[in-house]
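We number each residue from 1, following the sequence as shown. What's counted below: heavy atoms across the whole structure, side chains too, no hydrogens, waters or symmetry copies. All ligand and atom numbering here is 1-based and tracks the order in the structure.
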Amino acid sequence: MVSSVKGTQDIRYPEIKRWQRVEATAREVFARYGFTEIRTPILERTELFVRGIGSETDIVNKEMYTFKDRKGRSLTLRPENTAGVARAVVEHSLHRSPSHARLFYIGPQFRYERPQKGRYRQFHQVGAEVIGDSSPGVDAETIAMVVDFLSQLGVMGLSVQVNSVGCPECRPGFVRVLKEALEEKKEFLCPDCNNRLERNPLRVFDCKVPSCREILKEAPVINENLCDDCRVHHEAVRKILGLMNVEAVQNPRLVRGLDYYTRTVFEITSAVLGAQDAIVGGGRYDGLLEEIGGPAVPAFGWALGIERLIMVLPDDASEEGRRLYLAWNGEDAYDAAVELACELRKRDCHVVMEHSARSFKSALKRADKLDSKWTVLLGEDELSSGLVTLKEMSTGEQSSLKWPELFSLMESEGEK
Ligand code: AMP
């Protein structure tokens, strides 16, 4: 047997219903905020990610699925979608059109990571990007939108954390201060942190090693070293979040793994998820479009991992639907059942009818396995009396109904 690729998953019934609910709710909620969908290619030129994500990041260094095509060009399966959206914006000058200023996407991403619960090599993200506005209100509203989305889905126990990572004016000074402070403790930091200290010091804050975390508790934090503009921006973001009733905790040690972030960064975590507890990550990336060869246009965005969201998603009874299994017995009953199934589907019922003959006993077993709410039995007796037998599966109660009675019952169930 040829098995699936490590770190990938087949998303099947019944879990697929949760995915569909997530996607439908995303479309509904984001439309309320004036966002339109964009679908960018899964394949992009490798250079886009090297420039857009940064050559010193884990993603670009060790996690990309990169290969040469038949003409020897280096291509990569997208590890995230922001760079692709930014490329599309630049390529089609979307930043000039107000109808493209607010974009969202839903789709698969690929990273060669060590698979574990909540971490896969093919995973899926919902994300949103606002292009062309550097106002703090954009940061706050886009964070509020994802909080609104999660609360529409009934997800509980989330924590929203915000921070500012400064801008090209104030960050280099802070990085110097941080580096100096940590150089003194170098021998107590893990090899990864030593590496980060050389290449990308801010990323030491991503370290999960307990002894490093202890040291970092004492390290200088960026939000005490912001320039005036960044400080004013950050205070405004927090104030507007308050106006929007979004409870956000200031986390001075929150940084993001990607180089292109400026000012606001935020994360939404779930207390029930364990090690991979981040559901949403995002922030402002005013330098990205320029980095990939476009104009200097500011932007704000976030990405949410659907697999992790599905793990904390509560059940929704409305997903049950009006599921009905239609069992028949005898050739004439088969013809009538075909017609009855058509009529029921016209009335929005979900009807499973099988086309090979089986006894009512075996049909009822299958109806049970299919989690049907009802079974309709149509045999010779029913046919001659013009009735059907309706069995409610949870109670076992049976009744005889005329076809129009069955239709009105199903219609009234649909209105519930
Ligand atoms: P990032 O693009 O790294 O900022 O990640 C944004 C969100 O995508 C995270 O908060 C996770 O929910 C999700 N995510 C990132 N990497 C993975 C992965 N390998 N498997 C599953 N979800 C992921």
Side-chain angles (χ1 to χ4, degrees), residues 4-11 15 18-19 22-23 26 40 42 44 48-49 52-54 56-65 76-86 104-129 142-143 146-147 149-150 153 155 157-163 165 200 202-203 205-208 251 254-262 264-285 288 299-313:
S4 59
V5 173
K6 188 173 172 190
T8 68
Q9 302 190 93
D10 297 309
I11 306 155
E15 197 186 86
R18 293 166 158 254
W19 285 71
V22 164
E23 291 165 15
T40 64
I42 285 168
E44 297 274 4
L48 173 69
F49 303 115
I53 301 177
E56 296 305 335
T57 54
D58 282 355
I59 294 186
V60 170
N61 269 328
K62 42 187 192 201
E63 294 172 1
M64 294 206 301
Y65 279 92
T76 294
L77 296 182
R78 63 182 186 203
E80 53 90 55
N81 220 155
T82 298
V85 171
F104 78 91
Y105 59 82
I106 303 178
Q109 321 293 338
F110 303 83
R111 292 184 199 171
Y112 196 86
E113 293 190 271
R114 194 169 55 77
Q116 55 180 277
K117 191 163 177 274
R119 194 198 273 166
Y120 310 94
R121 291 184 173 168
Q122 173 171 341
F123 62 99
H124 299 75
Q125 287 182 335
V126 175
E129 321 281 2
T142 316
I143 296 174
V146 66
V147 171
F149 166 59
L150 291 165
L153 286 167
V155 180
L158 297 175
S159 147
V160 183
Q161 296 166 44
V162 291
N163 194 21
V165 291
N200 189 351
L202 262 193
R203 293 221 36 225
F205 289 108
D206 285 342
C207 188
K208 298 267 190 296
N251 176 354
L254 178 67
V255 294
R256 305 275 310 141
L258 308 181
D259 283 353
Y260 53 60
Y261 284 103
T262 47
T264 311
V265 291
F266 81 101
E267 203 163 76
I268 302 181
T269 54
S270 158
V272 298
L273 271 182
Q276 306 298 321
D277 64 349
I279 298 188
V280 187
R284 175 162 285 289
Y285 45 90
L288 175 65
F300 185 92
W302 52 255
L304 170 152
I306 304 185
E307 282 80 357
R308 292 189 199 168
L309 170 57
I310 298 283
M311 287 178 191
V312 296
L313 199 66

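- Within 4.0 Å of ligand 1, protein heavy atoms come from R111, E113, G118, R119, Y120, F123, Q125, R256, A278, I279, V280, A303, G305, R308.
- Here F104 pairs with F30 under the ring-ring contact (aromatic ring centres under 6.0 Å, His included) rule; sequence neighbours left out.
- Ring pair W19/H124 is perpendicular by interplanar angle, where above 60° counts as perpendicular and below 30° as parallel.
- Checked against salt bridge (Lys or Arg N to Asp or Glu O under 4.0 Å), E267 has the following partners two or more places apart in sequence or in another chain: R256.
- Among residues two or more places apart in sequence or in another chain, the ring-ring contact (aromatic ring centres under 6.0 Å, His included) test is passed with F49 by none.
- With respect to E63, the side chain to side chain contact (heavy atoms under 4.5 Å, CB included) criterion is satisfied by exactly one of I59, V60, N61: I59.
- Considering all non-hydrogen atoms of both residues, R121 and Y112 come closest at NH1-CE1, 3.5 Å.
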